[in-house]
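Chain identifiers are assigned alphabetically (A, B, ...) following the order of the sequence lines, protein sequences preceding nucleic acid strands; residue numbering begins at 1 within each chain. Bear in mind the structure is a predicted one, so any value in this text is a computation, not a measurement.
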Amino acid sequence: MAEPKLRILMVSDFFFPNFGGVENHIYYLSQCLLNLGHKVVVMTHAYGNRTGVRYMTGGLKVYYVPWRPFTMQNTFPTVYGTLPIVRTILKRERITVVHGHQAFSTLCHEALMHARTMGYRVVFTDHSLYGFADVGSIHMNKVLQFTLADIDQAICVSHTSKENTVLRSGLAPGKVFMIPNAVDTAMFKPADVRPSSDDVITIVVISRLVYRKGADLLVEVIPEVCRLYPNVRFVVGGDGPKHVRLEEMREKHSLQDRVEMLGAVPHSRVRYVLVTGGIFLNSSLTEAFCIAILEAASCGLLTVSTRVGGVLPDDMVVLAEPDPDDMVRAIEKAISILPSINPEEMHNRMTKLYSWQDVAKRTEIVYDRALKCSNRSLLERLSRFLSCGAWAGKVFCMVMIIDYLLWRLLQLLQPDDDIEEAPEINFCN
Amino acid sequence: MDNNLAGDSPPPPPPPPPPPRPKWRKVAYGGMQIGYDDNYTDETFLEEMVMNANVVRRDLLKVMKDSISISQYLCIVALVVLVWFHTLQSSLDETSLLLLDLSLLALGFLVLLLTEEKMLSLRLLLRYVTNITFFTTGLYVLAPVYQTLTRSISSDSIWAVTVSLLLLHLFLHDYSGSTIRAPGALKSPSLTSCISVNASVVASVFVASRLPSRGHVFAVMLFSLQVFLFAPLVAYCIKKFSFGLHLGFSFALMGLTMYSVYALHRLFFVLFLVLVVVVNVVCPYWLIRMQEYKFEINGPWDEAKLCFDITD
């Protein structure tokens, strides 16, 4: 087998068996990079009894580092505690590029800091949007400023996310690449048999029923639409605190036969639920990048959504303001253009608009760019941290100096040559 | 000599110019855009950002006028502490305290009657009178309990706790309104204003428990509770009725307090004067100076605000 072109370490607190957008992104991106001939290793924290090294499809090696999560799937931030294990993994796998995911992940920040100290190339991907005004966001933004002060390249998943990240971290816009998420179109195909064109129009909603995803808007919109269109029914999948409000709405307007509540839908059944409908409704109040819409469009559904401009072409999505009247108007427009939609054609278009292979190729370009960045000495890097703030700059410099000294100490105690390199294992694809 | 011997062939046509690259679109679909890198940033970057949209621009004179409510309340609390001090030193006896209580009660009622625009019906007044009677009777009955409440606690602990509770009360007090509202008021009291009322009540209980006789205890408790519970309401009614009256009332209170504190001790007078000047002059000026650093960022990444109320 030819020597891999790049050796990439993906670091994040969020990986399988936990389920979500970031986890999916890391997995699919890693698989496509493996297909392109690179070597990919993933590092995350232990999940329950799942610690140690595991191998996933295609030879993806995952290190479940034995650190327990302490809140919201994040490891406890010990700043220097992860230095030995990160150094061991980087040396064993002969990594060339370290790629961290998600600003909320403490393991990611720590690993990126250690990787920079040891002179590796570092890339960071941000998956979420944050505000500027509340205490949690201010703290998070300062941590992000620290990590991104010394980074080689950054990736954001949408243009809104790029603007948000640049404002939060003070990074130059030219260093931030916009590479969107994608969808596995092979898994999300339209129904083989189109439902007979009887008059019933089914609108599907699949989201967590929380405030942030606009569940309150659903409570206002669903009765109004059911009143205006007697032939429309709703299918609501997902669970959350606002479940109770939706049940109350059903009772109040006697919509038990027209609104079906499915509860939590496992990801393997999402496609089955989606193909029962003709329109997909997304009412989230804020979204960095909405993958649910891509899955729906790949299944051939017309989307009605709030706040996700630029994700789908204008003929595949009807946009609305997060206001009940405007959403009802958008649903009316969607119902009127629904007969002209061809699910197969929409699915074929989606395969060309979004694919993980394309994302992997674009990410490869970012890695090449990162590798071309010059290697800076410690003193030059410290000057970048000083610009982070009057007090914060000096604190960050101290943190990096101590990290450097600890690294040298570790090199003294366990020299680099003593760390055994992991053998390459060929997986027949 | 570079003529072509085979014949006259025309020179090859110049290569066509490369097609102009298509305009960059701010969209996420369709893969990499031809001719542009993924980190391309054009002039529409940060176009939708809005800065300082909801910031209230303040005026120095208005802030100073608003800060008078704070110094007015500080004077009221200082007067209460003075009465406590004089009672503990036995300069004030029971009868004069009881007279003070009754006159304050009558004055407070008078102010409420005169300044309330809504008709204070006879039934409402009767309800107030019944409540006050119950309250006073309850206090009188419980006075012996309060008297012996802290007998086993040393005096300096009591003074330390009282001072800390009063400071807590001043910090958490709701200076913009009143915790006890006239019936029909819309805003319910917040958590911090309830905590501050409780702190002041407990401080009064601690001080009252150090007094020699039951009569003293009852009179001081009645006085303290009257002032802490009802003075904010009275001050609020006066302020709502007429701003000039509010200013006059505040200045009169300030004068009275300064005179009483001066009669007590010079040092406290100086400290109190400095405090009032800081609250009324220095702090408003500082607030106005800090305004220019305000930087509020809004944009398409913000969570949308729902335009309707969520009623559960």
Side-chain angles (χ1 to χ4, degrees), chain A residues 129-133 153-155 157-164 166-168 172-181 211-212 214 216-217 219-220 244-245 248 284-286 288-289 294 306-313 316 321-324 350 352-355 358-359 361-362 365-366 369, chain B residues 21-58 171-172 190-192 195 286-287 289-312:
Chain A
L129 297 174
Y130 284 100
F132 297 90
Q153 304 293 346
I155 301 176
V157 293
S158 69
H159 290 286
T160 313
S161 179
K162 177 171 171 174
E163 293 178 356
N164 188 245
V166 164
L167 276 175
R168 277 158 56 209
K175 261 200 174 172
V176 183
F177 287 77
M178 200 298 284
I179 303 177
N181 280 334
Y211 173 77
R212 204 176 149 94
D216 298 297
L217 279 169
V219 170
E220 303 291 323
V244 177
R245 286 203 75 208
E248 278 174 6
S284 57
L285 301 180
T286 179
F289 190 91
L294 299 191
T306 56
R307 295 251 154 163
V308 279
V311 171
L312 284 175
M316 284 193 194
E321 292 297 310
D323 167 59
M350 279 303 289
K352 296 194 188 59
L353 290 177
Y354 283 103
S355 77
D358 175 60
V359 170
K361 285 207 194 68
R362 290 157 84 174
I365 296 177
V366 176
R369 219 31 116 72
Chain B
R21 57 183 187 176
K23 192 167 173 320
W24 184 79
R25 292 175 307 155
K26 201 171 183 179
V27 292
Y29 53 84
M32 245 174 110
Q33 299 191 33
I34 306 168
Y36 297 97
D37 280 335
D38 277 323
N39 62 344
Y40 178 78
T41 319
D42 72 342
E43 59 275 348
T44 59
F45 188 66
L46 286 182
E47 188 177 54
E48 290 171 53
M49 179 172 82
V50 176
M51 297 202 286
N52 284 341
N54 299 325
V55 167
V56 174
R57 290 277 155 217
R58 291 193 177 90
F171 265 124
L172 296 181
S190 63
L191 177 65
T192 48
I195 295 179
W286 197 8
L287 180 68
R289 278 294 301 275
M290 287 201 295
Q291 288 257 282
E292 58 192 70
Y293 295 113
K294 184 103 180 153
F295 182 42
E296 203 183 69
I297 310 174
N298 287 108
W301 48 82
D302 283 330
E303 211 173 83
K305 293 254 179 317
L306 291 176
C307 54
F308 51 89
D309 285 323
I310 303 173
T311 48
D312 274 322

Under 4.5 Å, counting heavy-atom pairs only, tell me which of [options] racks up the most with chain B.
{"options": "A:Leu129, A:Val176, A:Asp216", "result": "A:Asp216"}
{"options": "A:Glu220, A:Met350, A:Lys352", "result": "A:Glu220"}
{"options": "A:Asn164, A:Leu217, A:Leu294, A:Val166", "result": "A:Asn164"}
{"options": "A:Val359, A:Leu167, A:Asn181", "result": "A:Leu167"}
{"options": "A:Arg369, A:Lys175, A:Lys361", "result": "A:Arg369"}
{"options": "A:Val366, A:Leu312, A:Asp323", "result": "A:Leu312"}

B:Asn298 versus chain A, the contacting section by heavy-atom distance below 4.5 Å:
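B:Asn298 has no heavy atom closer than 4.5 Å to chain A.
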List the atom of [X], the atom of [Y], and the distance in Å for their closest heavy-atom pair.
{"X": "A:Ile365", "Y": "B:Met32", "value": "CD1-SD, 3.9 Å"}
{"X": "A:Lys162", "Y": "B:Asp38", "value": "NZ-O, 4.4 Å"}
{"X": "A:Glu163", "Y": "B:Thr44", "value": "OE2-O, 4.0 Å"}

Of the backbone (N, CA, C, O) and the side chain (C-beta and beyond), which part of [X] lies under 4.5 Å from a heavy atom of chain B, both, or neither?
{"X": "A:Thr160", "result": "both"}
{"X": "A:Leu285", "result": "both"}
{"X": "A:Val244", "result": "neither"}
{"X": "A:Gln153", "result": "neither"}
{"X": "A:Ile155", "result": "neither"}
{"X": "A:Asp358", "result": "side chain"}

Measure from the side-chain N and O atoms of B:Glu303 to the backbone N and O of A:Thr286, and report whether any donor-acceptor pair falls under 3.5 Å.
no
Can any side-chain N or O of B:Asn39 pair as donor or acceptor with the backbone N or O of A:Gly174 at less than 3.5 Å?
yes
Verify the neighbour count for atom CD of A:Glu321: are there more than 12 heavy atoms of other residues, nucleotides or ligands below 6.0 Å?
no
What residue, out of B:Leu46, B:Asp302, B:Thr41, has the most heavy-atom pairs lying under 4.5 Å from chain A?
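Result: the option with the highest number of such pairs is B:Leu46.
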For chain A, find which of B:Ala304, B:Pro300, B:Gly30, B:Gly299 contributes the most heavy-atom pairs closer than 4.5 angstrom.
B:Ala304
Less than 4.5 Å apart, side chain to side chain, heavy atoms only: is that true for B:Leu306 and A:Tyr211?
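Heavy-atom side-chain distance check passes, below 4.5 Å.
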Picking from B:Trp301, B:Trp24, B:Phe45, B:Tyr40, what satisfies ring pair (Phe, Tyr, Trp, His ring centres under 6.0 Å) with A:His159?
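For A:His159, the ring pair (Phe, Tyr, Trp, His ring centres under 6.0 Å) check succeeds only for B:Trp24.
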